[in-house]
Amino acid sequence: MKLLQALADTTAVAIENVQVYAELEQRVRDRTAELEAVNVRLMQEIRDRQQAEEQVRQLSLTDELTQLHNRRGFFVLAQQQLKVVRRQKSSCCLLFVDLDGLKQLNDNMGHEVGDRAIADAAEILKETCRSSDIVARLGGDEFVIFALNYLENAEELVVRLQANIARFNQESNRCYQLSMSIGIQCCIPDGETSLEQLIALADELMYAQKRTKKCGNR
């Protein structure tokens with residue numbers, strides 16, 4: 001009789017332990033599910049924050065009107081490319097482009113039309129350049145292009161740009177004709193060649209072309 005009672009007590013304890021273990025396992029599963037849910041939300045929050053930061057970064061590097069790189073974006077990207085060019089001892093070209101007659105267009109037809117002309121010019125530049133070229137609007141009517149490995153064929157880029165401008169003027173229904181003055185400076189940069197120097201030299205050549213146009217129109 002005592003043996004049966006002891007066996008019953010042992011069985012009851014075992015059953016109780018099984019219930020306790022089952023409850024503990026359920027608590028562990030519940031807690032694990034809660035932690036996994038928290039982790040999923042945390043990862044989503046991290047992705048959302050990274051996406052927001054990328055959008056802010058893009059906004060800070062992009063010109064709102066043209067969706068080209070802005071001045072800051074150009075210097076960030078072109079400086080990186082210039083370092084690559086120096087390491088590889090390859091060539092690069094910098095084009096400084098000015099949209100002719102923008103002030104007159106703004107004065108005579110309004111800034112909305114002037115902005116449209118700027119956006120059209122930007123599209124022509126994007127169409128002309130390769131995907132690897134860095135195309136930017138520095139501000140106002142000034143654009144700049146940083147292109148790699150064009151040392152021997154730089155004029156081809158200018159000819160292609162002028163052809164695209166001519167085609168736009170022929171095919172578009174705009175109330176204006178686009179014209180651009182272009183200065184181009186190509187080199188195999190050494191350690192002392194700076195981006196600012198290339199811009200200044202190309203800018204000077206662009207203004208020389210603009211002066212020539214004005215003299216020819218007198």
Tightest non-hydrogen contact, residues Arg130 and Ala147, listed as NH2-CB, 4.0 Å

OG1/Thr62 to CG/Leu65 distance, rounded to the nearest 0.5 angstrom? 12.5 Å

Take Phe168 and Gln177 through the side chain to side chain contact (heavy atoms under 4.5 Å, CB included) test and state the conclusion after the steps. CA-CA 8 Å; Phe168 171 86; Gln177 296 276 288; over 6 Å; no

Can you tell me which residue among Gln104, Lys103, His111 is in a side-chain contact (heavy atoms from CB on, under 4.5 Å) with Asp107? Lys103

Verify the neighbour count for atom CD of Glu196: are there more than 12 heavy atoms of other residues, nucleotides or ligands below 6.0 Å? yes

Testing Val76, Leu82, Val84 one by one against Gln80 for a side-chain contact (heavy atoms from CB on, under 4.5 Å), which residue passes? Val76

To the nearest 0.5 Å, atom CD1 of Ile184 lies from atom CG of Leu205 at 9.5 Å

To the nearest 0.5 Å, what is the distance between OG on Ser181 and CD on Glu142? 11.0 Å

Ignoring hydrogens and geometry, is there a side-chain-to-backbone donor-acceptor pair from Gln209 to Met206 under 3.5 Å? no

Verify, without hydrogens or angle tests, whether Asn169 (side chain) and Leu178 (backbone) share a donor-acceptor contact under 3.5 angstrom. yes

Check: Asp120/Tyr176 side-chain N/O donor and acceptor closer than 3.5 Å: yes

Taking a hydrophobic cluster as the set of Ile, Leu, Val, Met, Phe, Trp and Tyr residues connected by side-chain heavy atoms closer than 4.5 Å, whether directly or through intermediates, do Val159 and Val97 fall within one such cluster? no

Out of curiosity, Met180 CE to Thr128 OG1, how far, rounded to the nearest 0.5 Å? 7.5 Å

Should Leu138 and Leu201 be counted in the same cluster of Ile, Leu, Val, Met, Phe, Trp and Tyr side chains packed under 4.5 Å apart? no

Thiol sulfurs of Cys186 and Cys92 closer than 2.5 Å: no

Tested for side-chain contact (heavy atoms from CB on, under 4.5 Å) against Leu125, the lone hit among Asn164, Thr66, Ile165, Ile145 is Ile145

Does one hydrophobic cluster hold both Val158 and Val135, with members joined at side-chain heavy-atom distances below 4.5 Å? yes

Arg167 atom CZ, neighbour heavy-atom count above 12 within 6.0 Å: yes

What residue among Asp100, Leu105, Leu99 forms side-chain contact (heavy atoms from CB on, under 4.5 Å) with Asp141? Leu99

Calculate, to the nearest 0.5 Å, the distance between atoms OG and CG belonging to Ser60 and Asn70 respectively. 7.0 Å

Glu204 atom CD, neighbour heavy-atom count above 12 within 6.0 Å: no

Quick one: closest heavy-atom pair of Ser132 and Gln81, and the distance? O-NE2, 4.4 Å

Let's go through Val144 and Leu95 carefully: what are the C-alpha distance in whole Å and the side-chain angles of both, what is the deciding distance for side chain to side chain contact (heavy atoms under 4.5 Å, CB included) to 0.1 Å, and is it a yes or a no? CA-CA 6 Å; Val144 66; Leu95 282 76; over 6 Å; no

Ser90 (side chain) donor-acceptor with Arg86 (main chain) under 3.5 angstrom: no

Side chain to side chain contact (heavy atoms under 4.5 Å, CB included) between Val113 and Cys175, worked out: CA-CA 9 Å; Val113 175; Cys175 59; 4.0 Å; yes

Phe143 CZ to Arg137 CZ distance, which is reported to the nearest 0.5 Å: 6.0 Å

Report yes if the side chains of Thr32 and Arg29 come closer than 4.5 Å at any heavy-atom pair, otherwise no. no

Do Ile118 and Met109 belong to the same hydrophobic cluster, where Ile, Leu, Val, Met, Phe, Trp and Tyr are linked whenever their side-chain heavy atoms lie under 4.5 Å apart, directly or via other members? yes

To check you understand the geometry: which heavy-atom pair defines the closest contact between Leu68 and Ala122, and what is its length? CD1-CB, 3.6 Å

Can you confirm whether Phe74 sits close enough to Leu195 that some side-chain heavy atom of one is under 4.5 Å from a side-chain heavy atom of the other? yes

In terms of heavy-atom contacts, does NZ of Lys126 have more than 12 from other residues, nucleotides or ligands at under 6.0 Å? yes

Under 6.0 Å from the CD atom of Glu112, do we count more than 12 heavy atoms belonging to anything else shown? no

For residues Phe96 and Ile199, determine if any side-chain heavy atom of one lies less than 4.5 Å from a side-chain heavy atom of the other. yes

Evaluate the side-chain proximity of Ile134 to His69: yes if any heavy-atom separation is below 4.5 Å, no if none is. yes

Heavy-atom nearest pair, Cys187 first then Thr193, reads SG-CG2, 4.3 Å

